Amino acid sequence: MPNVVTVQKLSKSYGELKAVDGISFAVEKGEIFGLVGPNGAGKTTTWEILEGLRHADAGVVKVAGFDVRKDRAKLREVIGVQLQATALFEKLTVREILDVFAGMYRKTMDGKKLLAIAQLEEKADEWTERLSGGQKQRLAVALSLVNDPSVVFLDEPTTGLDPQARRSLWDVISDLRNTGKTIMLTTHYMEEAERLCDRVGVMDHGHILALDAPAQLVRQIGERDAIEFTANGDAVAFGALAGVEDMKVEDGLVVLYTRQIDRTLPAVFDLARQRGMALDAFRVRNPSLEDVFLQLTGRRVRE
Amino acid sequence: MMRGFPLWVVANLKMFFRDRTTLFWAIVFPILLMGLLGLGFGRAQSIDVRLAVVNNDNTPSSVALWHALDRTSPPFKVSNYTDMDVAKAAVEKGDLDLVAVIPRGFEDWLNRTRTNASTGPFSLPIYVGVSEQGTGAIGASAFEQVVDAFYRNATNSTLKLTVARADLNQQSLQYIDFLAPGIVAMSIMQNGVFGLSLFVVSARERKILKRLQATPAGAGYILAGRIVPAILISFVQTAVLLSIAIFGFGVKITGNVGVLVLSVGFGSLVFVTLGFLVSSVSKTVDSAESLTNVITLPMFFLGGVFIPIDRLPPAIQAVSNAMPLTYFSDALRNIMLHGAGLADVAVDVVVLTVFAFVIFALAVKLFRWE
């Protein structure tokens, strides 16, 4: 598969702050490619440079065959953009907004099809101010498709949505996979990245720390289980328990990684009882992208 | 791409008519203002009789007569004119109620009649504006009494000084006639400046502008799609407000509709570009709103909407003359009340065009998407 997006040594600073610090990656046609990381990791800046909305300080970026610095006008015809936290014209209906945006492009996608994709057929004639948060975000995604683009950029499309609205937007995005479009997605929800993305770049402080398929990334940190809890007391001793390979403590939340769950688990309880500590928010889980991020940065991705 | 432009224009028109707040300020508020002031002051009888004296004699006696007129009651508001045609035109326009001429030789004749009883009579021509109000006629009879008294005082003899009265057709202009074109101009200013500045700044604040930037449309397309509706709305404002002035307050409109439409278009353009400039220099909706108020409020009061510029102190007049609204309200007033043609309002239109160009160039230079 040919690369639709190539990024080489991209850097962007705001004053002293290096928002994006020499990142490189390539995305194949038809992939759903994600960047995960906390707020301020540099995801949005990266996307905005790729969309031609922001100038890079250094690096070469090609999207859909166009140099984003030189061919902005042509680039805009073939990409779709959903910006993080953009509002819409409140006093226009869903259909009117789709028409207005479609009118700005040479190539367009059928309005009915867009309404179907965004599951907004019944809301087509509602003013957008009457839409729910999830419906607004689905409309924003539909707007990114009005020109039938080959590359679609979605910047934290599900941030701020309740779980149900988030799931319905995931369905919308998954369905796009079948259209052959390349989807570029940022999120700080690890579950979202695992569920939707073919490949994920883990981003923090302007760097991409790891880049692979989600399952592959998880495998790299080993076939270990994670035991997670908060303890009202000094947690250091938990790190020395039987079978514990690694321990992370972040904001009072203790995470123990073990390959011998049957040995470690009783030891945790024994220790807690000996020391008279109460354990809270206790769970045992399979490792996830969340753990990958924790391993790579020593921190959790905060919402 | 141009295929979509009409859609964008129509969408902006829809947004205007769907937003009660903008609708109130653009149309309802000016109607209320005109109604209030129109009912309050509209057809009130003016107390002053505005008299112009063309003093061709320029002697102590003619000046004495002038002073006698100035002191009389009902109060003459006396002004000096040197050109009689200008004074007569002012009567016809309704700016004056009557013109009196003191012919050359007035003092000579006065001296002769004192010594020589057989000196023939002397005639003072007056030109009286005839209108519904009858202010000119009241002025004419008052004038005759003043002249009579003046002659008796000066000569102690039977009256030989006569008044030769000629009538001029006077447009009967009252405050509401003055006010209506001003209100039209003012409402177009308000809608133009507020409409564009608040739209652009709020769209920028909410990142809608950035989202539009990501389309191939470009700033020109986006802004023109907002400017064209603003101009169309200014025609709607004009039509609604003038209808109310005509049918509600009996304002008589003369003048060419084509010239009116053209002037409204140009004026609207100036204020829309002014709104664009405000949006280019404002970071938040609040600061845009404040700046818009700072710009429009002085024009509201000093732009010739409520008070004629020539009644303002000279220092304030200088300020007024730097305001685009002054030229706009002047142009509309001349067209609507005095039937001015394109040539008559050419100066106003040129000044407005210059304003629009300068403001637009500045606004484009300072424009930011985010």
Side-chain angles (χ1 to χ4, degrees), chain A residues 44 47-54 63 66 68 71-108 111 125 127-130 136 139-141 143-144 146-147 149 151-155, chain B residues 1-26 191 194-196 198-230 233 284-285 367-370:
Chain A
T44 297
W47 260 213
E48 287 183 356
I49 292 168
L50 267 56
E51 291 155 1
L53 294 177
R54 220 175 264 290
V63 173
F66 298 114
V68 298
D71 297 321
R72 285 189 170 197
K74 287 178 197 154
L75 175 74
R76 280 169 192 169
E77 289 282 355
V78 297
I79 63 168
V81 172
Q82 174 261 322
L83 296 173
Q84 192 181 334
T86 26
L88 299 158
F89 299 113
E90 299 128 337
K91 297 268 189 278
L92 290 182
T93 67
V94 169
R95 200 190 303 274
E96 284 164 349
I97 289 201
L98 287 169
D99 286 346
V100 162
F101 273 83
M104 294 172 181
Y105 293 91
R106 288 204 179 87
K107 187 178 165 194
T108 57
D125 296 312
W127 291 2
T128 64
E129 67 181 9
R130 301 207 184 110
K136 279 181 189 162
L139 175 56
V141 171
L143 281 176
S144 73
V146 285
N147 56 330
V151 185
V152 184
F153 291 89
L154 306 176
D155 194 3
Chain B
M1 192 167 101
M2 287 316 288
R3 174 184 51 87
F5 186 69
L7 281 175
W8 173 225
V9 169
V10 170
N12 277 301
L13 280 171
K14 283 179 180 166
M15 284 190 257
F16 173 82
F17 285 105
R18 285 171 187 177
D19 188 336
R20 294 212 183 106
T21 316
T22 56
L23 215 53
F24 175 82
W25 289 109
N191 188 54
F194 273 104
L196 209 81
L198 296 190
F199 168 78
V200 174
V201 176
S202 99
R204 186 191 294 129
E205 223 174 28
R206 295 156 65 217
K207 291 197 187 165
I208 294 178
L209 220 51
K210 194 168 168 188
R211 178 63 188 84
L212 291 167
Q213 188 196 1
T215 71
Y221 180 108
I222 301 301
L223 290 167
R226 194 70 191 179
I227 288 169
V228 171
I233 290 160
T284 63
V285 170
F367 178 74
R368 304 181 310 264
W369 288 100
E370 58 175 320

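These numbers were taken from a predicted model, which means no experiment stands behind them. Numbered from 1 within each chain, the chains take letters A, B, ... in sequence-line order.
For A/Ala140, no part lies near chain B; criterion is any non-hydrogen pair under 4.5 Å. Heavy atoms closer than 4.5 Å to chain B are found nowhere in A/Leu75, neither backbone nor side chain. Interface remark: A/Glu96 contributes side-chain atoms only to the contact with chain B (heavy atom separation under 4.5 Å). Neither the backbone nor the side chain of B/Phe16 comes within contact range of chain A, judged by heavy atoms closer than 4.5 Å. Residue contact with chain B, scored on non-hydrogen atoms closer than 4.5 Å, involves the side chain of A/Phe101 exclusively.
Ranked by heavy-atom pairs shorter than 4.5 Å toward chain A, the options B/Arg18, B/Lys14, B/Lys207 are led by B/Arg18.
Other residues, nucleotides and ligands contribute at most 12 non-hydrogen atoms within 6.0 Å of the NZ atom of A/Lys74.
Under the 3.5 Å distance criterion, the side-chain polar atoms of B/Arg211 are matched with a main-chain donor or acceptor of A/Val81. Formation of a donor-acceptor pair under 3.5 Å by the A/Arg106 side chain with backbone atoms of A/Asn147 is not found in this model.
Between A/Glu77 and B/Thr215, every side-chain heavy-atom pair lies at or beyond the 4.5 Å cut-off.
With hydrogens and angles left out, the side-chain atoms of A/Thr93 and A/Asp125 include no donor and acceptor closer than 3.5 Å.
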